[in-house]
Amino acid sequence: MNSQRLSPALGVEIVGFDAREPSDDDFGQIHEYLVEGAGVLVLRDQTLEPEQHIAFSRRFGDLFGEAEPLQNTVTRYLHPDHPQIFRVSNKNADGQPLGRSRAGNYWHSDVSFRLRPASVSLLYAIELPRIGGDTLFCSTTLAYDSLSKEMRFFLDRLEARHDFAINTQVGFSHEQIETDDLAGQNAAIHPVVRRHPDSGRKGLFVNPGNTSHILGLHEGESRMLLAFLYKRCTQPEFIYRHSWRPHDLVIWDNRCTMHYAIVDYDADRYLHRTTVIGERPIPAISTD
Ligand code: SIN
């Protein structure tokens, strides 16, 4: 296995690893590289059938679409034979064009509106435009670290609401939203700053795709603070831009990153994503 850093902020690339049947030692190393890459790992040259993609993903934990269903609204994007696989594509399962896919075309952290949001997501490239269709990743850990001590102290004590209803406003699914998704399990309160279970580092955990507001602040205060935090997270120094190659499997950690799919292409783009159910976010300060 050969590794190299992809940017000063985040990202490690691995060549010479086969995700089909890794030993426990190799998987342990992959896990370490993910932490070293600050939450983004690029595994080159993979050949993964859906079953193999799912089996590898299960090594990270239980999967959405299996242990817990995703929202009804997105079921039409799931693989017809494998509900664990989200088809990120501008074609439907029959190969018919869907028009410009807006999936992920906004900064977000996957499924953050659930009580146990996604830990890692694994996206495998099957068909790519010759040019364009990159994905941006930003480090919410570096963004947090860059703030003043006083600001970090203030944020450490705050909570925010995450709500799928916000996603329907900014996301790709707003035209065909299933209204039963707007109640119940698709909204949750989480700490604004969460501690990563592996690295122990603190990072911001709010995102424009799913966060509705910060609790306890006036509406205008919450809006301004969120806008400030998003700007800080997405400043260029904290970003890695991934230009996809066929057979890339990119793993990102939603607990310390956000991502954004750039829609700047007209050709077909088709990837498979699995999404691992994480733990309840660990608050920055102990609540004992
Ligand atoms: C996603 O947000 O899961 C999709 C990212 C991408 O299509 O690049």
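Just follow the structure's listing: the first ligand is 1, and inside any ligand the first atom is 1. All values below were derived from every heavy atom in this structure, side-chain atoms included, with hydrogens, water molecules and symmetry-related copies excluded.
Considering backbone and side-chain N/O atoms, Trp252 never comes within less than 3.5 Å of an N/O atom of ligand 1. In terms of polar-atom proximity, defined here as any N/O pair under 3.5 Å, His108 does make such a contact with ligand 1. For ligand 1, the polar-atom distance check finds an N/O of His259 within less than 3.5 Å of one of the ligand's N/O atoms.
Within the structure, ligand 1 lacks His242 among the residues with a heavy atom less than 4.0 angstrom away.
Taking a cutoff of 4.0 Å between a charged side-chain nitrogen and a carboxylate oxygen, Glu66 and Arg58 qualify as a salt bridge. Taking the charged nitrogens against the carboxylate oxygens, Arg201 and Asp145 do have a contact shorter than 4.0 Å, which makes a salt bridge. Using a 4.0 Å cut-off between a side-chain N of Lys or Arg and a carboxylate O of Asp or Glu, Asp24 and Arg59 qualify as a salt bridge. For Arg273 and Asp110, the salt-bridge test passes: some basic side-chain N is under 4.0 Å from an acidic carboxylate O. The pair Glu13-Arg44 meets the salt-bridge criterion, with a side-chain N (NZ, NE, NH1 or NH2) lying under 4.0 Å from an Asp/Glu carboxylate O.
Protein heavy atom nearest atom 7 (O) of ligand 1, with residue, atom name and distance: Arg269 NH1, 2.8 Å. Among all non-hydrogen protein atoms, the one lying nearest atom 3 (O) of ligand 1 is Arg273 NH1, 2.8 Å.
Interface atoms of ligand 1 facing Gly104, defined by a heavy-atom separation under 4.0 Å, are 2 (O). In summary, the atoms of ligand 1 found under 4.0 Å from a heavy atom of Ala261, numbered by their order in the structure, are 5 (C), 6 (C), 7 (O), 8 (O).
Judged by the 6.0 Å and 45° rule, Arg157 forms a cation-pi pair with Phe153.
Heavy-atom proximity to atom 4 (C) of ligand 1, evaluated over Leu271, Val88, Thr135, is greatest for Val88.
Contact record, Phe205 with Asn254: CE1-O, 3.7 Å, taken as the closest heavy-atom pair.
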